[in-house]
There are 6 protein chains.
Amino acid sequence: MVQDTVFAAELPWPEYQSRVQGGAVPIFIPLGSMEQHGHHMPMHVDVLLPTEFARRAAVATGGLVAPPFTYGYKSQQKSGGGNFFPGTTSLDGASLVNALKDVIREFARHGNRQLCIVNGHFENSWFIAEGIDLALRELRWSGIHDTKVVVLSYWDFVDQAAIDKLYPEGFLGWDIEHGGVLETSLMLRLYPDMVALEKAVDHPPAEFPPYDVYPPHPEWTPASGTLSSPKNASAEKGDILLDVCTRGIVKALRTEFSFKDQIAAE
Amino acid sequence: MVQDTVFAAELPWPEYQSRVQGGAVPIFIPLGSMEQHGHHMPMHVDVLLPTEFARRAAVATGGLVAPPFTYGYKSQQKSGGGNFFPGTTSLDGASLVNALKDVIREFARHGNRQLCIVNGHFENSWFIAEGIDLALRELRWSGIHDTKVVVLSYWDFVDQAAIDKLYPEGFLGWDIEHGGVLETSLMLRLYPDMVALEKAVDHPPAEFPPYDVYPPHPEWTPASGTLSSPKNASAEKGDILLDVCTRGIVKALRTEFSFKDQIAAE
Amino acid sequence: MVQDTVFAAELPWPEYQSRVQGGAVPIFIPLGSMEQHGHHMPMHVDVLLPTEFARRAAVATGGLVAPPFTYGYKSQQKSGGGNFFPGTTSLDGASLVNALKDVIREFARHGNRQLCIVNGHFENSWFIAEGIDLALRELRWSGIHDTKVVVLSYWDFVDQAAIDKLYPEGFLGWDIEHGGVLETSLMLRLYPDMVALEKAVDHPPAEFPPYDVYPPHPEWTPASGTLSSPKNASAEKGDILLDVCTRGIVKALRTEFSFKDQIAAE
Amino acid sequence: MVQDTVFAAELPWPEYQSRVQGGAVPIFIPLGSMEQHGHHMPMHVDVLLPTEFARRAAVATGGLVAPPFTYGYKSQQKSGGGNFFPGTTSLDGASLVNALKDVIREFARHGNRQLCIVNGHFENSWFIAEGIDLALRELRWSGIHDTKVVVLSYWDFVDQAAIDKLYPEGFLGWDIEHGGVLETSLMLRLYPDMVALEKAVDHPPAEFPPYDVYPPHPEWTPASGTLSSPKNASAEKGDILLDVCTRGIVKALRTEFSFKDQIAAE
Amino acid sequence: MVQDTVFAAELPWPEYQSRVQGGAVPIFIPLGSMEQHGHHMPMHVDVLLPTEFARRAAVATGGLVAPPFTYGYKSQQKSGGGNFFPGTTSLDGASLVNALKDVIREFARHGNRQLCIVNGHFENSWFIAEGIDLALRELRWSGIHDTKVVVLSYWDFVDQAAIDKLYPEGFLGWDIEHGGVLETSLMLRLYPDMVALEKAVDHPPAEFPPYDVYPPHPEWTPASGTLSSPKNASAEKGDILLDVCTRGIVKALRTEFSFKDQIAAE
Amino acid sequence: MVQDTVFAAELPWPEYQSRVQGGAVPIFIPLGSMEQHGHHMPMHVDVLLPTEFARRAAVATGGLVAPPFTYGYKSQQKSGGGNFFPGTTSLDGASLVNALKDVIREFARHGNRQLCIVNGHFENSWFIAEGIDLALRELRWSGIHDTKVVVLSYWDFVDQAAIDKLYPEGFLGWDIEHGGVLETSLMLRLYPDMVALEKAVDHPPAEFPPYDVYPPHPEWTPASGTLSSPKNASAEKGDILLDVCTRGIVKALRTEFSFKDQIAAE
């Protein structure tokens, strides 16, 4: 049964080796964080969600999911509430960059040439770009010039049609979706036992001035830690999100990678 | 139900905050690796096992388990077979040191002063020492002088009585236990679905000369990747190990930390 | 005459010292890049523009402008065309982070406690956040706890009313404004000799898929290097932008900093 | 008009590309600092002067001038008065080394193989050497073996005949020329509005013991910050300096680089 | 006479060059520390002993001994007493790793392909592994793929027969040999003037719990700093050790390296 | 007898502790290199000479000499011939900076507040400055504000009277003294067995253009590796140098440090 897994670390190495042989299998690396997500959700939302999207993408492409990065870059006030919350546990930028560089270099050593970073924590974005750039530079020094790395954040695949269904009262931007309808709906659908919607705090959307300040003003962030109210989240919206994001991700991978498509076989 | 968890990242932040308030709760940080463990076991053995010991320790002490480090330092030939196996995916020393330093600093920011690194991957050992030393230095610069960090590798708690039971034909040292009776027995007891004992390769214990060589000679490592045969592993031996290690760990924590003992309450 | 300058490096040190004494003077640090900006504009647009906004802010607040950072982080395809263009000359993330950390620490050594990073290059954003975080950490280790750093990108102060005037045919987002109407209009107003609008290449707005790929596909970027057409740029629009951004910035500074307001005196 | 510029960042990228094509054009990178230069001069003297020498060299060789480094290494007491003055704003060594390494690597990416570092701040010297060494090492790893980097500090081109004219009362060494006759004369000739010679403090040449001490003794440095009196500076001496240094630099470049000489065409 | 030396730094460079020409000469790099070794021994024991073993190995193989590393990684409580003793003077891990990486890269630049790290300080072990790994990586980037590095700690060559003679009352493990019979006997044989055996403190072997704690508990370490009593040390035991270790080392080198054997010629 | 040593690492730790107690004892840290010094001298001249000056200074001041740094920064062409010679074995700048920072921090941990870096290798100079600056910064973060570090290069204490005696035919500057009369005379006096003056190559003083080039032109350096001829060196000149430098150094230390003067007692 475990033999059917798409999680690379659940395989014995000979099985891993036979799966990645030839290099035509995408490797998905989920990057998350340990970050507060309001009163109603646990702090590893940003690990669970990209891992699930990575799993679905791996199933569809015959690929494998690498172990997730369980810690990420520092929570920023306008996208994650700020790094001053108890529980939020973050890495310095250089630590994240270097760890990602190492992991990319290692998967390339195994012969993989198609890597996909599946990001679940907005603040990781630029350090992912840097980690990849440094890894590809080192790979070139090693004479390896054909590694391709796709980076995606699942929410970027939500299209206008889905937005209209998800936010009938109007969409205010991904930036304040921290702990809001997007993440809560997905969690309700995937990990309902981990969501206590009754504890969610209803509040107007966070409004921030057009600049940042350090150290942050804690009072800018709603006291609950979410940036928009999760009250309108539902498992049904989670289904919509799972569907649109998974389809979008698989379509992107078909464009960028070469693999034996598994969709028909599902 | 999730409210009963000892996994810190499964808690909403207000619950986390109330648990760690006062600082008298140990935080357990499991450090693992993605490393080949022979033909019969998956590659995240070194994550699963310390996480389980951390969980048991947290239950006993009222503490919390931080998200595990899913990647570790490079596999060394005499303790892990060597870093040349496909699948083994490792960090540079500095990457591990800095990430651990960051995480310790963050847990201290939350008010925690009792941290326990639960190591599952021998090669992490010295980089753990360095990460802690650098973190404590920075904490002192911040005026925090009362952080205590305990580091333990669960196998160090196996006593002679247990060894006699586990290795009736003679014990050859922890150094060649990679993928052998110790780890396999624990996995058989805890995650039997993840072990395919029938695929385990029987071979004489690895013998190494009294020096190291880089790049390694692959032929020094048994072809299966394990350093001693797992054939004599059993779930019963796993029970012995779980028992002796958990008791030893809890005893150590009682000596070093102050917490409200939960054992009676179990 | 030079005595009236707001550029800190144009002052002799005793004059600088007397200006910053007491710490109630904001220091503005412009961060730019050397980056291609299409066929019609030079490559230091991202230095010139934030320096001008910093100058205006310094005039209004009695503050001083530090020397600009003339190089910035690597151009990203969806916001700057990509780092593969000849001429674009960029820093690794760590180099930018560390240099900014050093400069902040030095201005704090002079007694300044109100610093404002004026960013002109989108890609610098997260490395600015990291540089500030590391600088504030070191300042705390030095016993300095009252430094405040405001970060702003001038385009974030363009309000809806201005957008309506600037983009009567519809606004497509700041992300594709690289070398477009925003920057070109400002340059036409401020440095008309440096703009060759007749060389500007008209093209439809760049459209990118919802993911990134490394190494980038050069063909995703319009061949000219701009991400939207600058053809509708004008000095008049530059006036609108200068006005709305300067007013917005000064208003933000009044909220965050304490200084002797110079607006009436202008 | 701007089309005639030799400042690389003032060009649109296609023009830059056509100028550097073939690699036979030297790129000049000025390295300066923000450093006190006495009561009579601004703090960016070390940026302005090497930029001007770079400009002249670029005109003569058909080359281009890169954006200057506006911050440099920490002022040392015996050559710059010490890093304790308000206004002096410096980088750690590693920050300078890494930024220079990055910029060299980028100019090489554009196809340039003839780079010239024009240094205006003595304290940068050894970190320049290190930055170049690391850059050339990385370029070799990239398979690029033909990059040549010339490093020059303009004052090293002042010959004995010029010294006799500049210092009729005797020359005491470049080491104490900080803010003295050399720099002041050049500034009087090039940027007279930025010099307030009447504010210059006359004092005997600084005398230092044959060792260094950290933290420095501020009283070792003349209170004005200059290490020798600028009183005998003059625009005429500036002409002598401009002439001898420019000729010396161009001669050096003819020896080391291959380019289409522009002198006759001037 | 000096011409007969095996210490590389005692040679003029042309002699060094002629010795290493062809690359078939091993280079031995001793790594030590400045670390307390009890009341009866000096603090450079970990430099003197590996240097002597390196010297003997160089004599036997026609090789050369590089200058020793005089500082090493931080003393750990269970193997060196702990880094809190006055006199113990240690490096951060990264400092040791990078310095070793540099030195390996330089010896490879001279054409050497057979390097042997002779370690005298247990705590250096893992940082040696990392330094070598990073050096070999950089050498591969430089196109050098045939460098071989052997790492040895002399005590690993003591066989059971020797142990029986050295510890007739029973051997308790190398881990607590810090300042004990092993090192003291060797010093008595090689540097008797540096040992004051009458000042040695007799004490029962150190006993440590099966975990580590940071900051260390000083009371865990015997007050003298040694971890086992040196009272039974003797020059005769030193002879046994010199003999068994030297023979073992030379045998290892014969297996791993190719060189013109000098043993017959001795 | 060894008890009389001034070499810190030759002492047992309790003796070290009693010597440094009270902090009024200077600690001398010699910094050298492994660098070619012509055909007639070994490659550790830059270690031997500063160590001897440190020893003399320690005798005079009741201080202690730390283990020398046996490797230094890369040889530069105009001061050491260049780093391309076989045998020359150098560190990257950051490696030297960080190792020195660590060692200073450790000696301060022992309670020492008077440190003296005795440099024997010109190229180390600026990296010493940086290492000290970073160490003092970290010590301030630790609340230690009274550490004083003196840096000296012994040749800077040669006065004009001595120069007249040493170079009757005219002195051409310390910059080309590499392997010349200065170092050779000192070695002839201190380590005559290590000098083969008959192998010294006589050649005119090296002449360099007023700029540097990387990679260096090997032909700029005299083929022997020395920058001026050592032919006029003599043990008598060594006596002059030992005398003038030692007196100068002790005088400097009297000015900067507080200690119980030992000169009368000699």
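Chain naming here is simple, since letters A, B, ... match the order of the sequence lines and numbering starts at 1 in each.
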Best-contacting candidate, F:D92, F:V45, F:L91, against chain E by heavy atom pairs under 4.5 angstrom: F:D92

E:D202 versus E:S229, side-chain donor and acceptor atoms under 3.5 Å: yes

Segment of E:Y16 engaging chain F (4.5 angstrom heavy-atom cut-off): side chain

Under 4.5 Å from a heavy atom of chain F, the part of E:A223 involved: backbone

E:S185 (side chain) donor-acceptor with E:L182 (main chain) under 3.5 angstrom: no

Which of F:K101, F:M34, F:R105 touches chain E most, by non-hydrogen pairs under 4.5 Å: F:M34

Any donor-acceptor N or O pair under 3.5 Å, side chains E:T5, E:E10: yes

Test side chain to side chain contact (heavy atoms under 4.5 Å, CB included) applied to E:V47 - qualifying residues, sequence neighbours left out: E:H44, E:T51, E:P68

Top of F:A94, F:A196, F:A99 for chain E proximity - count of heavy-atom pairs under 4.5 angstrom: F:A99

Inter-chain contacts: residues 109-132 of chain F against chain E, heavy atoms under 4.5 Å: F:R109, F:H110

Side-chain donor-acceptor contact under 3.5 Å, F:E35 with F:Y71: no

Heavy-atom pair count under 4.5 Å with chain E, highest-scoring of F:P67, F:A66, F:G38, F:P14: F:P67

Selection from F:G87, F:A9, F:S95 maximising heavy-atom pairs under 4.5 Å formed with chain E: F:A9

Best-contacting candidate, F:L48, F:T88, F:V20, against chain E by heavy atom pairs under 4.5 angstrom: F:T88

Whether F:H37 and F:H178 hold their rings parallel, tilted or perpendicular, with breakpoints at 30° and 60°: tilted

